[in-house]
Amino acid sequence: MKKCILKSEALTKYILETNAYPREHPQLKDLREATVNKYNEKSVMIVPVDEGQLISMLLKIMNAKKTLEIGVFTGYSLLATALALPDDGKASLPLIICKKAGVEHKINYIHSDGMIALNNLLKNERQEGEFDFAFVDADKENYINYHELLLKLVKVGGIIAYDNTLWFGSVAPSEHDEQVEDTARDALRKLNSFLASDSRIDSSLVSIADGLTLCRRLHDAAHGTPNRMGKGLTCICFKPKGSYERICINLTPLQEERLKRLKHRMKIHFDASRVEHQVCFVTKFVYNPVVSKISYLTIIKYLHPQEALKALWSATYPGQELHGLVSDQWKEMGWQGRDPSTDFRGAGFISLENLLFFAKTFSTSFQCLLNKQGGKRSAWEYPFAVAGVNITYMIMQMLDLNAENEWAFDLLYCVAFMVMDKQWLERNATYMEFNDVLKSTRAQLEKEFLMDDVVQIEDMPSYSLLC
Ligand SMILES: C[S@@+](CC[C@H](N)C(=O)[O-])C[C@H]1O[C@@H](n2cnc3c(N)ncnc32)[C@H](O)[C@@H]1O
């Protein structure tokens, strides 16, 4: 099979001969020829010249300095990358292969399996958010696993590029094509669908060579840059009555303190294996009949992640014994598997805190949504707990819309959950439509923020959904 999805081989030849070969760096040309001589047909594994040039162009546009490459073979794409990096740039790769062209000082070789290497970069070398670009051209079955780790290693705005995402065109077989087993093709099809609906990235499947999917990591408040977080929260969306303008106000020392705490909360990853305690903010909801006002009594607790999970269980199913932190019982609550900790990956510890806050503060609403008691339910329900993590993540992305105080976040979370469930029912949605429901939930919340008389979360019309 040829690594080309164009209509004709003549067209590929035309592109290569007219544009790509004349601009190929002499060292790349040598490497390509040496690979063909040594590996014959197997040399198809190196990236085609035009794709190498696209990657090189992208790196230069991005002014990339630190890149990561998984799957090296004879190192063609690696050399193309190293040549595109500035002199103080660094390319890391998990397999040793070749060093040429005087670019060794830009290359940090890691001779290891891709997953082990990425885990190590995260855990031991603490390289979170350090890379501008990652190129993945290794075992296709693992792309989806690399994706989770790379989303942490690559900075917000950085690019993750997956090679071979069209797999010789076989990802879209025609009815005449023979049905053959191909685990790589199946894994790539799964990846393509997954990337298409992954809200953490912008993505474009470029039909060059064998298909190259570019994913740009989007803002993620859990790992957001201080700049963005600062901007979003400093520009507190405090609207004076009678004005459609948002105004920026300087923070009081108390607000600064709250902001600091909120930022801290958002950075905490959920790690059930951690031995030390993680900070947990437990908020009590108090109604003061004298002034007809609701106030929040906030207690900062230092909880072991496992204790927090147990607390969530007892708040969700009071009186029901939990058999273990990893147990089939969790599935009933709408976690993806037996171990809820794996679902906290996207939004971190704060997503557990939000669920706890909701369960304890508005227990009637919480139980009603948990048990899918409101309205005429559809046959395909969203999984409650996973939906909760998604809502935390959505609000993190919305933070520059409204964050009047630290607890506005938790309160907004409860309102958002109620709105999401209401829209779910109104649309008679199925789980495949969950992302659409989430989008329209966000639109509804944004609409309410812009209402003239909404100056705090409690003024939002949807706040009345809570009981
Ligand atoms: C298609 S080739 C890469 C070609 C390279 N991009 C180039 O242009 O020269 C795939 C490479 O990935 C390596 N590989 C496969 N599984 C891997 C893994 N789990 N970890 C790291 N590398 C792996 C293979 O040994 C092979 O060298």
Side-chain angles (χ1 to χ4, degrees), residues 1-5 16 20-21 24-25 27-59 64 67-85 91-101 103 106-122 131 133-150 153 159-168 170-171 182-188 191 206 208-214:
M1 269 190 288
K2 280 260 180 290
K3 237 182 184 178
C4 158
I5 43 151
L16 292 175
Y21 291 150
E24 190 179 26
H25 190 285
Q27 300 288 358
L28 282 170
K29 183 168 183 276
D30 285 355
L31 178 58
R32 182 165 53 83
E33 287 172 359
T35 307
V36 173
N37 287 339
K38 184 162 180 199
Y39 290 100
N40 303 313
E41 283 191 350
K42 235 181 132 192
S43 65
V44 72
M45 292 222 288
I46 64 174
V47 301
V49 186
D50 53 343
E51 183 183 350
Q53 286 170 351
L54 175 72
I55 292 171
S56 163
M57 170 88 82
L58 196 59
L59 292 167
T67 71
L68 185 64
E69 177 153 340
I70 310 171
V72 178
F73 189 40
T74 58
Y76 188 93
S77 51
L78 170 70
L79 186 56
T81 301
L83 286 166
L85 293 184
S92 293
L93 52 136
L95 271 182
I96 286 180
I97 186 70
C98 75
K99 38 189 176 284
K100 270 195 152 190
V103 289
K106 298 188 196 172
I107 296 170
N108 166 28
Y109 292 98
I110 307 168
H111 192 177
S112 160
D113 166 76
M115 283 303 283
I116 295 173
L118 295 190
N119 270 311
N120 188 39
L121 284 173
L122 273 173
F131 294 90
F133 182 87
F135 181 62
V136 186
D137 187 12
D139 42 342
K140 315 303 164 199
E141 293 79 1
N142 253 331
Y143 274 24
I144 206 147
N145 298 325
Y146 291 136
H147 186 64
E148 288 307 317
L149 302 179
L150 287 171
L153 287 162
I159 300 279
I160 309 168
Y162 293 102
D163 198 25
N164 307 107
T165 46
L166 294 175
W167 204 233
F168 308 96
S170 69
V171 288
D182 185 343
T183 51
R185 176 204 60 207
D186 295 346
L188 288 164
L191 176 89
V206 184
I208 190 170
D210 193 25
L212 177 71
T213 301
L214 301 177

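In each ligand, atom 1 is the first atom listed, and ligand 1 is the first ligand listed. Any value given below was found using the heavy atoms of this structure, including those in side chains, with hydrogens, waters and symmetry copies removed.
Shown here for Ala134 and Leu150, the closest heavy-atom pair between the two residues is CB-CD2, 3.8 Å. The two atoms that bring Ala80 and Gly52 nearest to each other are CB-O, 4.3 Å, heavy atoms only.
When the heavy atoms of Asn164, Thr81, Asp113, Thr35 are ranked by distance to atom 19 (N) of ligand 1, first place goes to Asp113. With atom 17 (C) of ligand 1 as the reference point, the heavy atom nearest to it among Ile55, Asn142, Asp139, Leu28 is part of Asp139.
Shown are Ile159, Leu59, Val47, Leu68; of these, the side chain to side chain contact (heavy atoms under 4.5 Å, CB included) with Phe135 is made only by Val47. Each of Asp210, Leu212, Thr213 was evaluated against Asn164; a single residue qualifies, Asp210, per the side chain to side chain contact (heavy atoms under 4.5 Å, CB included) test.
Residues Asp163 and Glu51 meet the side-chain proximity criterion, which asks for heavy atoms closer than 4.5 Å. Taking the side chain as every heavy atom from C-beta outward, Tyr162 and Leu188 never approach each other to under 4.5 Å.
Relative ring orientation between Tyr143 and Tyr146 is described as tilted, the plane-to-plane angle lying within the 30° to 60° band.
Where the criterion is an N or O separation shorter than 3.5 Å, residue side chain and backbone included, Ser77 meets it with respect to ligand 1. The distance criterion of under 3.5 Å between nitrogen or oxygen atoms is not met by Phe135 with respect to ligand 1. Geometrically, ligand 1 and Val47 share a nitrogen or oxygen pair separated by less than 3.5 Å. The distance criterion of under 3.5 Å between nitrogen or oxygen atoms is not met by Met45 with respect to ligand 1.
When heavy-atom distances to ligand 1 are checked against a 4.0 Å cut-off, Asp163 has no atom that comes that close, whether in backbone or side chain.
When each atom of ligand 1 is checked for a heavy atom of Asp137 under 4.0 Å away, the hits are 1 (C), 2 (S), 3 (C), 4 (C), 5 (C), 6 (N), 10 (C), 11 (C), 12 (O). Taking every heavy atom of Gly114 and a limit of under 4.0 angstrom, the matching atoms of ligand 1 come to 18 (C), 19 (N), 20 (N), 21 (C). Less than 4.0 angstrom separates some heavy atom of Tyr146 from each of these atoms of ligand 1: 18 (C), 19 (N), 20 (N).
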